Amino acid sequence: MEETQKKGNLVFAVNGDRFELPSVDPSTTLLQFLRSETCFKSPKLGCGEGGCGACVVLISKYDPKFKKVEDFSVSSCLTLLCSLNGCSITTSEGLGNTRDGFHSIHERFAGFHASQCGFCTPGLCMSLFSALVNADKGNKPNPPPGFSRLTSSEAENAIAGNLCRCTGYRPIADACKTYAADIDIEDLGFNSFWKKGDSKETKVSKLPPYDLTKNFSTYPEFLKSESAKILDSSKYPWYSPVSIEELWSLLNSNVTENGASFKLIVGNTGTGYYKETQRYDHYVDLRHIPELSIIKRDQTGIEVGATVTISKFISVLKEESNINLGSYGKLVSQKLADHMEKIATPFVRNSASVGGNLVMAQKNGFPSDIATLLLGLSATVSLMTSHGPENLTWEELLSRPPLDSKTVLLSVCIPFKKDQSSNQTHSRFLFETYRTAPRPHGNALAYVNAAFQADVSHSKNGVLINNIYLAFGAYGTKHATRAKKVEECLMGKLFSVHVLYEALKLVKLEVVPEDGTLHPEYRSSLAVSYVFEFLYPLTDVHSSISGGLLDGINDISDEEVSESSNNGCISQGRKQTLLSSSKQIVEFSTEYSPVGEPLKKIEAAMQAAGEAVYVDDIPSPPNCLHGAFIYSTKPLAGVKGIQLEPNHLTDTTIITYKDIPTGGANAGALSPFGSEPLFAEDLSRCAGDRIAFVVADSQRSADVAATTALIEYDTTNVDSPILTVEEAVEKSSFIQVPPSVQPAQIGDFSKGMAEADQKILSAELRFGSEYHFYLETQTALAIPDEDNCMVVYTSGQCPENAQSMIASCLGVPAHNIRVITRRLGGAFGGKFVKAMPVSTACALAAYKLRRPVRIYVNRNSDMIMTGGRHPMKVTYSVGFKSSGKITALHLDILINAGITVDMSPIIPSYLINTLKKYNWGALSFDIRLCKTNLTSKTIMRGPGEVQGSYIAEAIIEHVASLLSIEVDSVRNENVHTFESLNLFYGNVVAEGEYTLPSILDKLAVSSSFFQRSKVIKQFNQKNTLKKRGISRVPAVYHASQRPTPGKVSILQDGSIVVEVGGVEVGQGLVTKVRQMTAYALSSIESSWAEDLLEKVRVIQADTLSVVQGGVTNGSTTSESSCAAVKLCCNILVERLTPLKKQLQEKNGSVDWPTLILQAQKQSINLAANSYYVPKFLNYLTFGAAVSEVEIDVLTGETTILQSDVIYDCGQSLNPAVDLGQTEGSFVQGIGFFMNEEYLTNEDGLMVSNSTWTYNIPTIDTIPQNFNVHLVNSGHHEQRVLSSKTSGEPPLFLAASVHCATRAAIRAAREQLKHWDKLDESVSEFYLDVPAILPVVKTQCGLDYAEKFVETLLVRQPTCFK
């Protein structure tokens, strides 16, 4: 004990380097320290909530008692630096890097094309590395050479908590599974390591080597002597008591007197949910108290200390015990472990404590799963209070007022029941847990969780319920509760369907969410479903007597209840299916080599290692300040003043419109359609409107000052805000669409309607918004320079406009402003207009204060201020023949544009362009942009286009449902002919280029669409609680190119520097430009192409070096940049070719370095500029997708079983890049159609503004089988080397998932109709976008379980007497 009490300074290691800090602010997180005080920038700030994985690092701790190292991943954004005394930290740079060589993880990620923007990649690598380290410590058999002891399932689960917005996850999963000893190498996807035809052995040999015997040392020897020390509390306000007595004394000492604030610490993960704005005077670390870290498990039950991490608890529950735990103990252990693996993320569970989770539930009403599990298991807890120790049940503690700050939870006890099974009693214990969440494998809060236990016995008359506990949580009450009335109803009853029916009715009455809870009816319905699933197997119903009603239900008969196992326990577990193998077919040509070859991204390994530099990775210059926006929370209100909290007054500066210098303008953003102000002046015009910019000495101080600032509003003499499109119409509040971008109508609508056999009039669709969720939030760094100049680094898609706005705001010439952009950590349109105010505000603050200023907008603010995709209300009238052929369509579309013009005027034409993918006969429309008091809506991947493409599908589905014919036949009936396509799109497609019909036919065959459709019908007839649907959807994309500059310079040694106007946002622009440069220059000598490729470097966009850079968006910037570079190279080739001929004639042969050396000597200009102006601005691309889904009718959960995509990207410039774009775009589309619920309050302020409440797709929500085929459609004279774009169109194809879900719901409604339990139409129903779980369940019937049971009662009344 004495040794453990040695005290000293804070000492730790990072990547083997020793750090000792004599003093430190105890609130400093590991991420803050790494990014501000070290050169290690691979851990990124993605959310600050433990919800994205961008900041994951490996922590290694030495246990001197057992002389072993414990390794685990953590979120460095939540981990307090002081908690790491004696620990070693490994970041992705520590695994490998450019100079020392990359780790095989980095190389495999790169080779499997698993990194696009790269911002999330280091965190993914560390999640995988942590899993590898721990798997290889295990006792599993030695794996084959080149593999680890990791299993495929463990590899996938390792990254289940990491978010990626670019790749679609499939290539990431494949890269991870290359380490799994149980993987079939043939199941891994497209990569740069092996070629078609390679044997399995050859493929394994070509992977970057991984040697299990060569252990990577995660813990340096020099730290072992430091590991037993605790922090000296005389130097740090950080206390580490080593006993409960010492803790009690500390909490009742002068440390906590006189109003001093203190915080009890274990993992600090609670701050990811409950954001802290206060600073504490003292921190008390509970982890050194042995009694709080105990974990015991025997036949009597489980005792868990409060500081035991959730991961540790899970691992102990999974361990094979030498002690006979009894059948109930084994069952409870298994179920608890399975359930808790779905809580949070692996890297949060590794540091989050069981006690901390429970205290948050008791004090703050946190929707905890563990709290519900313990309630269902009749757990007891031990407390240390100011009056002494206290023991009570967890249920009693939940009913008490919130714990005071000096009461400490010590431990939890879960009692095990003794096995009672004997020939006399036939008694059995049942235990099951339930959880339904937007993501099935965790990293999302549950809509409802539950834990049920029951003691049942078998008699001649059926099953008797001796005792039952039903605990529910997270459903919209402050604490988990027991459904005691339901328990009373069931206890002592001989179970029957009638008893089940009465219980279900009671559940709905007892489990009622509080007012204001989201989706309350759905949550109550889930509770009913859980009870149905738990108890239904006990009913006296058999498949043979239910008239086929029970087909497909996991039916457990009386005999099965009594004879199911000797251990006396019954469990109805549901296993999650892992991703299956997928196929990627890539057709490519070597005609223009190296263009067209599937080369890996040049930056991918560097991104994986964390060496790629993003704006926030640039070291802060001396005297740098940090900024944060203060924004309005009111939609329309006067701004009288801003009041900072007193402790922020001395070290902060507030910048408002009043600080704009004389001659400058209040201008923050610029689009082709106008500008918008940087700051609100006297009137805030929307919730999220920028009011001020607060500057402080750290980002955290600035964020806290902005968060706690009080804005004094004045709503007198202010009109009521306009928040909806209906209100905008009522007040005639519109934004004009210039004639140049207005779409054209087609044909005679009246005539088309006259020709129709049937009509649908004034049907309605609605779309909500969507947030871009780039992993790197908006960021900028402004540095004052000489002569009134400014250098600004921005993470923006349009540096040129940022330069213009900054110059305008400061009142200086544009040449005074140099804007530099190297790469973006994702953008998707959100960093075009919306990035400009961020860099402009930084520049204004830097100008005023004459010091560098930077900002990294926190995730919550970014989500509120960015605005997102355009919400819409669509009303349509359509006429059609009995065959399904549509003759006329009219649309009335109201688009919510928000408060300023932004890019909204392009939305109507973009929408109509994708809607025109079908031949509507005649097409007319009235589209209005509504100006409302919401944050300005902006472009987002497929702006207007994804809605337009879906509107077309919704209309087709509606027509098919009205005619009662197959929707696929209606689609086929309305697919364009070559002639109608050119009529609708204006003759942009040449003969032979219209590939959509052949794609649809090819897809039907490759996906076995028609055969699977038949199988699905059979499945739905046989299954009551699971239903499947399948859908085939086409897409037509109207691509537009823009003029783009280029510059190519050849240096003395023959290396080549390339500059283009486009910006690398993860779309592979840099890689494609390199390939094009090598190809174009190799026209001097074709054999040089490969060597030239290695000589090319594409550098950052710089507004004073390459002008007229324009905007990177619309997915065509890569090809335009390639075209610009090709023009430059043509100029250089023209200059160098005569010299090459001279040298050949003189010397017989010549190489590239010699040629360039001679060119230098002869004063040949080795730099060329160009400005590519496309001769043909527009072209079409085509694609189609088939998706199959399965829905759980009881919960609304949708599983995407398979998606098959065929996409025509012409003659791809790089098929590997375009494959990644296709997959990533499709998965982002899944987010729009199925997952991402964008919620606002009554003032229009976004409230789903965190990783806790906004759910983008994760690895467990993508298609289990995801097949992509890139078609090479040959030569296209009007294209850049016959290529086509790939970034946007696949997004629209994700509508196939939504349409398949609709088909599955229709099958559920047909089931209800079959039971005479559906009063409305089977097929005519509206399915919201996104089709989240409550939406799906609602359309299937919130009372589906009750109706099923009613049907049993009606059909077989004699069975239940």
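Model, not experiment: these values are computed from the prediction.
- Scored by the side-chain contact (heavy atoms from CB on, under 4.5 Å) test, R851 finds N623, L625 as partners (sequence neighbours excluded).
- Annotation: side-chain hydrogen bond (donor to acceptor under 3.5 Å, both in side chains) contacts of T938 (sequence neighbours excluded): D902.
- Taking K275 as the reference, E49 meet the salt bridge (charged side-chain N to carboxylate O under 4.0 Å, His left out) condition, with sequence neighbours excluded.
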Could you give the side-chain donor-acceptor pairs of residues 604-611 under 3.5 Å, partners two or more places apart or in another chain?
residue	atom	partner	partner atom	Å
Q607	NE2	S115	OG	2.6
Q607	NE2	Q116	O	3.3
E611	OE1	T98	N	2.9
E611	OE1	T98	OG1	2.3
E611	OE2	T98	N	3.4

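- Evaluation of the ring pair (Phe, Tyr, Trp, His ring centres under 6.0 Å) rule for F119 yields Y614 as partners, not counting sequence neighbours.
- Under the side chain to side chain donor-acceptor pair (under 3.5 Å) rule, K44 has a single partner from T121, D617, D616, which is D617.
- In this structure S233 satisfies the side-chain contact (heavy atoms from CB on, under 4.5 Å) test together with K7, Y239, sequence neighbours excluded.
- K831 pairs by the side-chain hydrogen bond (donor to acceptor under 3.5 Å, both in side chains) definition with E776, S795, not counting sequence neighbours.
- F19 pairs by the ring pair (Phe, Tyr, Trp, His ring centres under 6.0 Å) definition with F12, F33, not counting sequence neighbours.
- At least one donor-acceptor pair under 3.5 Å links the side chain of R859 to the backbone N or O of G46.
- Using a distance-only test at 3.5 Å, with no hydrogens or angles considered, a donor-acceptor pair links the side chain of K41 to the main chain of R35.
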Y856 vs D703, test: side-chain hydrogen bond (donor to acceptor under 3.5 Å, both in side chains). Steps then yes/no.
CA-CA 9 Å; Y856 190 85; D703 285 336; over 6 Å; no
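- Between the side chain of D787 and the backbone N or O of C789, no donor-acceptor pair lies under 3.5 Å.
- Classification of the F773-Y771 ring pair by plane angle, with boundaries at 30° and 60°, yields perpendicular.
- For the salt bridge (charged side-chain N to carboxylate O under 4.0 Å, His left out) test, no residue two or more places apart in sequence or in another chain qualifies with E786.
- Annotation: ring pair (Phe, Tyr, Trp, His ring centres under 6.0 Å) contacts of Y273 (sequence neighbours excluded): F366, W1252.
- The pair R279-D25 meets the salt-bridge criterion, since a charged nitrogen lies less than 4.0 angstrom from a carboxylate oxygen.
- In terms of the side-chain contact (heavy atoms from CB on, under 4.5 Å) criterion, residue partners of H626 (sequence neighbours excluded) are, by chain and number, S620, Q699, R854.
- Applying the side-chain contact (heavy atoms from CB on, under 4.5 Å) test to D659 and every residue at least two apart in sequence or in another chain returns I655, T656, K848.
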